[in-house]
Amino acid sequence: MNIYQQQITLPAKPRGFHLITREVIRALPEMANIRTGFCQVFIQHTSASLTINENADPTVRQDFEMFFNKIVKERDPDYKHDYEGDDDMPAHLKASMLGCSVMIPIRRGELALGTWQGIYLCEHRDHGGGRSLVITAWGQ
Amino acid sequence: MNIYQQQITLPAKPRGFHLITREVIRALPEMANIRTGFCQVFIQHTSASLTINENADPTVRQDFEMFFNKIVKERDPDYKHDYEGDDDMPAHLKASMLGCSVMIPIRRGELALGTWQGIYLCEHRDHGGGRSLVITAWGQ
Amino acid sequence: MNIYQQQITLPAKPRGFHLITREVIRALPEMANIRTGFCQVFIQHTSASLTINENADPTVRQDFEMFFNKIVKERDPDYKHDYEGDDDMPAHLKASMLGCSVMIPIRRGELALGTWQGIYLCEHRDHGGGRSLVITAWGQ
């Protein structure tokens, strides 16, 4: 059983949902040594998140941004944590609804993603800056 | 450390939430060789998802379907991705809210689920068809 | 590759969101033997959940409780599963929105949490009682 790990920083992206499947694969070339196993991607932040969804039509990612803005409102007068910007508390909530990690099986030497699955970086802040990921793969 | 993996296709199920704990256990009998470890179930789709919840009363699963239909509306005029059916974009959103994998510890040779926990397949489409799962267990 | 596992019961906590990072680390001191690997925390219940979010300002956790109460209403007349208390069905729904496990990479012998990340126990019931966790770490 082998384990490989890499920490990378993705350059700042605009608020919204972004495909990062290629960046993840490129960051850990040692993954090629694994025939059966896993790749986990973990984001070390609380106002951005990771999910897996449709990898083809960019309007899906735009609808994600629209939808999560609708259900997690900014400037809700009930927020107590309101001093880091209107986008801050909603970003924390969205991050926990979507999650801070994804784990993808490796099968026959490749990420076992479905045809239409891609990894999304979900940037919930207006100016989130670079985002740090820990990518780990293990298996045999 | 041993690792076992199996890809299976679950036959088409109606839109809604379905218990699949037994199907998962049956699909990977080699799990019996693991005393301490994990079982991960990963769904290779973006309009169906997996979660763990109450395994006894079927009305819980019906309330899940009712609730997620309420908060993720069909025919929202703000959807841009609207040409694959009214149920398509909502299905993508629900899939990311619930997630595409579950990972259960194996303890003393058994899935360490709580008494009331079962694995749900969450079918978000009206006619989703068969659903492909990758089931992987590892440990010692 | 080594694997360590521990089952613990956290004492009953009030409804709301609670930081438990320290309890998790304390429960599995063998984690110190792992340089690169993972720690998974799994909750064996369907009306409490786990997530990772901001570890500093307690108002963030209060806003989590406020927000999830807003979007997952109690006493929705459409609930069919309504005989275990007003807080029961909403608790199941919140538990699946947030998830029943978190998995954190271990890097250079430590949990690779970001500066602001902590593990939350999300208690969705008014009187949930003690909560059982299975904590597993593995790696080399």
Side-chain angles (χ1 to χ4, degrees), chain A residues 1-3 17 19 34-41 49-72 93-120 122 137-140, chain B residues 1-9 28 30 37-51 68 70-74 76-84 88-103 124 129-140:
Chain A
M1 191 81 80
N2 291 313
I3 188 160
F17 291 73
L19 268 179
I34 297 174
R35 188 145 179 83
T36 306
F38 281 100
C39 175
Q40 196 229 29
V41 190
S49 60
L50 297 171
T51 192
I52 288 175
N53 218 291
E54 213 258 10
N55 61 14
D57 183 349
T59 61
V60 172
R61 270 116 60 204
Q62 295 166 22
D63 286 349
F64 265 76
E65 176 64 15
M66 179 277 295
F67 172 78
F68 281 97
N69 288 339
K70 263 193 195 182
I71 63 163
V72 189
L93 293 165
K94 292 169 185 171
S96 274
M97 293 178 85
L98 288 160
C100 65
S101 69
V102 294
M103 190 167 127
I104 302 156
I106 297 174
R107 181 161 174 80
R108 297 180 186 150
E110 296 197 332
L111 287 185
L113 287 167
T115 313
W116 304 106
Q117 288 183 311
I119 307 170
Y120 287 13
C122 321
W138 76 102
Q140 61 198 15
Chain B
M1 192 78 80
N2 291 313
I3 188 160
Y4 307 102
Q5 192 175 68
Q6 191 62 50
Q7 187 167 20
I8 63 167
T9 302
L28 203 63
E30 301 91 333
F38 281 99
C39 175
Q40 196 229 30
V41 190
F42 182 89
I43 190 163
Q44 295 184 301
H45 301 271
T46 61
S47 55
S49 60
L50 298 171
T51 193
F68 281 98
K70 264 193 195 181
I71 62 162
V72 189
K73 297 218 183 323
E74 299 198 351
D76 183 330
D78 289 330
Y79 289 141
K80 292 178 181 170
H81 182 83
D82 57 5
Y83 52 84
E84 293 189 58
D88 183 62
M89 192 58 223
H92 291 311
L93 293 165
K94 293 169 184 173
S96 275
M97 293 178 84
L98 288 160
C100 63
S101 69
V102 294
M103 191 166 126
H124 304 304
R131 295 300 194 177
S132 169
L133 305 180
V134 179
I135 306 170
T136 314
W138 76 102
Q140 60 198 13

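So you know, we letter chains A, B, ... as the sequences are listed, proteins then strands, and number each from 1.
Shown here is Glu74(B), whose CD atom has more than 12 heavy atoms of other residues, nucleotides or ligands within 6.0 Å. Within 6.0 Å of NZ in Lys80(B) there are 12 or fewer heavy atoms belonging to other residues, nucleotides or ligands.
Residues Asp57(A) and Glu84(B) form no side-chain contact, since every pair of their non-hydrogen atoms from C-beta on lies 4.5 Å or further apart.
Contact between Leu93(B) and Asp63(A) at its shortest, heavy atoms only, is CD2-O, 4.4 Å.
Put simply, of Asp78(B), Ile71(B), Val134(B), the one with the most heavy-atom pairs under 4.5 Å next to chain A is Asp78(B). Counting heavy-atom pairs under 4.5 Å between each of Trp116(A), Tyr120(A), Trp138(A) and chain B puts Trp138(A) at the top. Per-residue counts of heavy-atom pairs under 4.5 Å with chain A were compared for Met1(B), Gln40(B), His45(B); the largest is that of Gln40(B). Top candidate by heavy-atom pairs under 4.5 Å with chain A, chosen from Asn2(B), Thr136(B), Asp82(B), is Thr136(B).
Atom CZ in Phe38(B) sits 8.0 Å away from atom CE in Met103(A) (nearest 0.5 Å). Annotation: the span from Ser49(B) atom OG to Ile52(A) atom CD1 amounts to 12.5 Å, rounded to 0.5 Å. Separation of atoms CG (Asp88(B)) and CD (Glu54(A)) is listed at 7.5 Å; rounding is to 0.5 Å. The distance from atom CE of Met89(B) to atom OG1 of Thr59(A), rounded to the nearest 0.5 Å, is 7.5 Å. One distance of note links OG1 of Thr46(B) with CG of Asn55(A); it measures 8.0 Å at 0.5 Å rounding. Rounding to the nearest 0.5 Å places OH of Tyr79(B) at 5.5 Å from CE of Met66(A).
Looking at Phe64(A), both its backbone and its side chain come within 4.5 Å of chain B, counting heavy atoms on both sides. If you measure heavy-atom distances from Ile106(A) to chain B, the contacts under 4.5 Å come from the backbone alone. Contacts of Gln117(A) with chain B are made by both backbone and side-chain atoms, with heavy-atom separations under 4.5 Å. Within the 4.5 angstrom heavy-atom criterion, atoms from both the backbone and the side chain of His92(B) approach chain A. For a residue to count as touching a neighbouring chain, one of its non-hydrogen atoms must lie under 4.5 Å from one of that chain's; by this rule Tyr83(B) touches chain A with the side chain only.
In this structure, Gln7(B) contributes its side chain and Arg107(A) its backbone to no donor-acceptor pair below 3.5 Å. Checking side-chain atoms of Gln5(B) against main-chain N and O of Arg108(A) turns up no donor-acceptor pair under 3.5 Å.
For residues 94-102 of chain A, the interface with chain B (any heavy-atom pair closer than 4.5 Å) comprises Met97(A), Leu98(A), sorted by residue number.
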